[in-house]
Amino acid sequence: MAELGRGLAIRPRSLRARVTIGAVVVVAVALALGAIAFRSALAHSLRADAENSAEIRVQALAEEVMRQGPEVITRLGDEAAQLVDADGTVLAQSEEAEGETLPRREDPTEVVVDDEPALVVSEDLDDGREILLAFSIEDDEQVSGAVGRLLLVAIPVLVALVAATVRFVVGRALAPVSRIRQEVDAIGADRLDRRVPEGGSGDEIARLAGTMNRMLARLDDSQQAQRRFVSDASHELRSPLATLRQHAELARSHPEVTSAEELSDVVLEEGRRMQAIVEAMLLLARLDEGAPRGAEPVDLDDLVIAEATRVRTTSPRILVDGSAIGAARVAGDARLLGQLIRNLVDNAVRHAAGRVALGVAEVDGTAVLTIDDDGAGIPEAEWERVFERFVRLDEARAREAGGSGLGLAIVRAIARAHDGQVHVEASPSGGARFVVTLPAAA
C-alpha cells in the first residue's frame, strides 16, 4: 500500500505531461513490438532464402561430382564441402573444410566454420555416398544485425519526436484552457459581468468557453434578480413598518388624536400585509430551492369550482362564469395548486369590471386552466414582465388595490414545480386571460 501511495504521489499533475507520457508509452510499446516482429520476419525470410540457395548449390555440386569425380570437391576454393561414404568416412574435402566435422542431418543445420556462421546441407549420390556442404550465411547475419542496430537507434528517435510533437500540440490545444482558468480565477461575486474568451475555432474548448459564459450569464442574472428581490422585499416591508411606527408615535405624542381602536385596526391591517408578504417570500424561497411537491392525483376542476364558489360569496358584484369547467386531473400538491388557482382568481377579480370566466379542460394529455377577466387588460409588451417579483404595471395594480406583487410570481413558480407553464394573452372579453398548462395525470 505504501508503494502504491508513493506511485500515486509522483503521478504528473499536468494534463499535458500525462497525455505526453501516455502517448510516448503507447508509441514506444507499439514500435518495440513492431521492431521485434519485423526483425523476426526478416530473420525467417533470410534463413529461408539461405536454405533454398544452399539446397540448389549442393544439388549442383552433386551433379558435378557424378560427372567429374571427387576431384570437384578438392578443387573448391572458398566453400567448405566434404564427400563421405555411408559410414561417414571422409573421401574428399575442400581446403575450407579441412579439420572440420560437418554434421550429417536431414534438415539444414547451423554451424560455425572457420569462425563464420554456415548452414550444413546434404545431398545423397546414387552410389550411397553423400555430399555435405557448409553454406555461408555471414552476409545474412550482417544484414540482420545492421537492421537491429538501425532499429535500436530509430525507435528512440521516433519516440522522442512523438513526445515533442504531442507536447507541443497538447500545449497549443490547452492554451485556451489556461486563459479560461486565469479569467475565471479573476471573476468574483462582484464581477460576474466578465466573460471568458471563446475564440472562433468551434472546437470542444470553444464550446466549453461558450457554456461557461452562459453559466456566468445565468449566475449574473440570478444575482441581479436576487439583489432586486432583496431590494424590493426591503421596500415592501418598510412601508407597513413605517405606517405602524407613524401611528404608534402619533398615539404616544397625541393620544387625543387617535384612539386605541383606530391604532389596533392599523396594526392588524399592516400586520396582515406583512404576514402575506413574508409568507409569499417563504413560499417562493421553498420553490426556488426545489422543495419536494406531492404527487397525489388532484382533480383540478374541483379546486376551480371551490374558488368560483368562494368568489360568488365574497364578491357578489362579480359575475363568475364556470360553464367552461370540465374534468381534468393532474399529479401534484393539492395545496400548492390551490394557491396557484386562488392567486389567479384573486388577480382576475381585482381587475375585472364585472365578470370573470373560469375554464378547465384536458387536451391531448395536458390539463389546461384558463382564467379571463373583462378589465383593462395587460399590454402585450408586459405579458412576460407581470410574472416578475414585486412588479405592478400601473396604478390599477398599485398596493392600495391589494396584492404585494408576488402573486403571479408564485403562480409561475408553482406551475414550473409541477412541470407546467403559465402565460398571458388577450381575453375575448377584452381583459387579460391567464393560461396554465400542466401534465395530466395518467
Side-chain angles (χ1 to χ4, degrees), residues 1-57 103 105 107-121 133-182 197-212:
M1 292 298 292
E3 293 179 358
L4 178 60
R6 287 194 296 271
L8 293 176
I10 63 175
R11 181 185 179 187
R13 299 179 62 184
S14 168
L15 177 62
R16 183 182 186 182
R18 292 203 299 271
V19 172
T20 302
I21 291 174
V24 167
V25 170
V26 171
V27 171
V29 171
L31 289 176
L33 293 177
I36 293 172
F38 175 74
R39 176 77 181 280
S40 175
L42 177 63
H44 180 76
S45 176
L46 292 174
R47 178 65 178 264
D49 290 342
E51 290 180 359
N52 186 49
S53 298
E55 294 287 351
I56 293 174
R57 176 56 182 154
R105 295 179 184 173
D107 296 329
T109 305
E110 187 172 341
V111 297
V112 177
V113 177
D114 197 16
D115 297 329
E116 293 183 2
L119 281 178
V120 176
V121 293
L133 174 66
F135 188 84
S136 175
I137 57 174
E138 184 180 9
D139 291 343
D140 295 344
E141 294 290 334
Q142 290 177 352
V143 170
S144 181
V147 170
R149 289 190 295 274
L150 179 62
L151 291 175
L152 286 176
V153 173
I155 288 178
V157 172
L158 287 174
V159 170
L161 181 60
V162 168
T165 303
V166 170
R167 182 175 177 81
F168 174 75
V169 172
V170 173
R172 288 289 300 273
L174 293 180
V177 176
S178 180
R179 292 195 295 269
I180 291 173
R181 181 188 60 79
Q182 293 173 0
E198 293 188 23
S201 60
D203 57 11
E204 289 81 358
I205 295 178
R207 292 197 292 273
L208 172 64
T211 301
M212 190 166 294

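- Within the model, atoms CG of N52 and CZ of F135 stand 9.5 Å from one another, a figure rounded to the nearest 0.5 Å.
- Across R16 and G171, no two heavy atoms sit closer than the pair NE-CA, 3.7 Å.
- Between L158 and V27, every side-chain heavy-atom pair lies at or beyond the 4.5 Å cut-off.
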Hey, can you pull the donor-acceptor pairs under 3.5 Å for the side chains in residues 140-154, sequence neighbours left out?
from : atom 1 : to  : atom 2 : distance (Å)
S144 : OG     : R39 : NE     : 2.8
S144 : OG     : R39 : NH2    : 3.4

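- The two atoms that bring I137 and A50 nearest to each other are CG2-CB, 3.7 Å, heavy atoms only.
- Taken to the nearest 0.5 Å, the CG atom of L15 stands 9.0 Å off from the OG1 atom of T20.
- Heavy atoms only, all atoms of each residue included: A163 and V24 are closest at CB-CG2, 3.3 Å.
- Residues L119 and R47 have side chains in contact (heavy-atom distance under 4.5 Å, counting atoms from C-beta outward).
- Shown here for I155 and A35, the closest heavy-atom pair between the two residues is CD1-CB, 3.4 Å.
- Between the side chain of S53 and the main chain of D49, a donor-acceptor pair closer than 3.5 Å is present.
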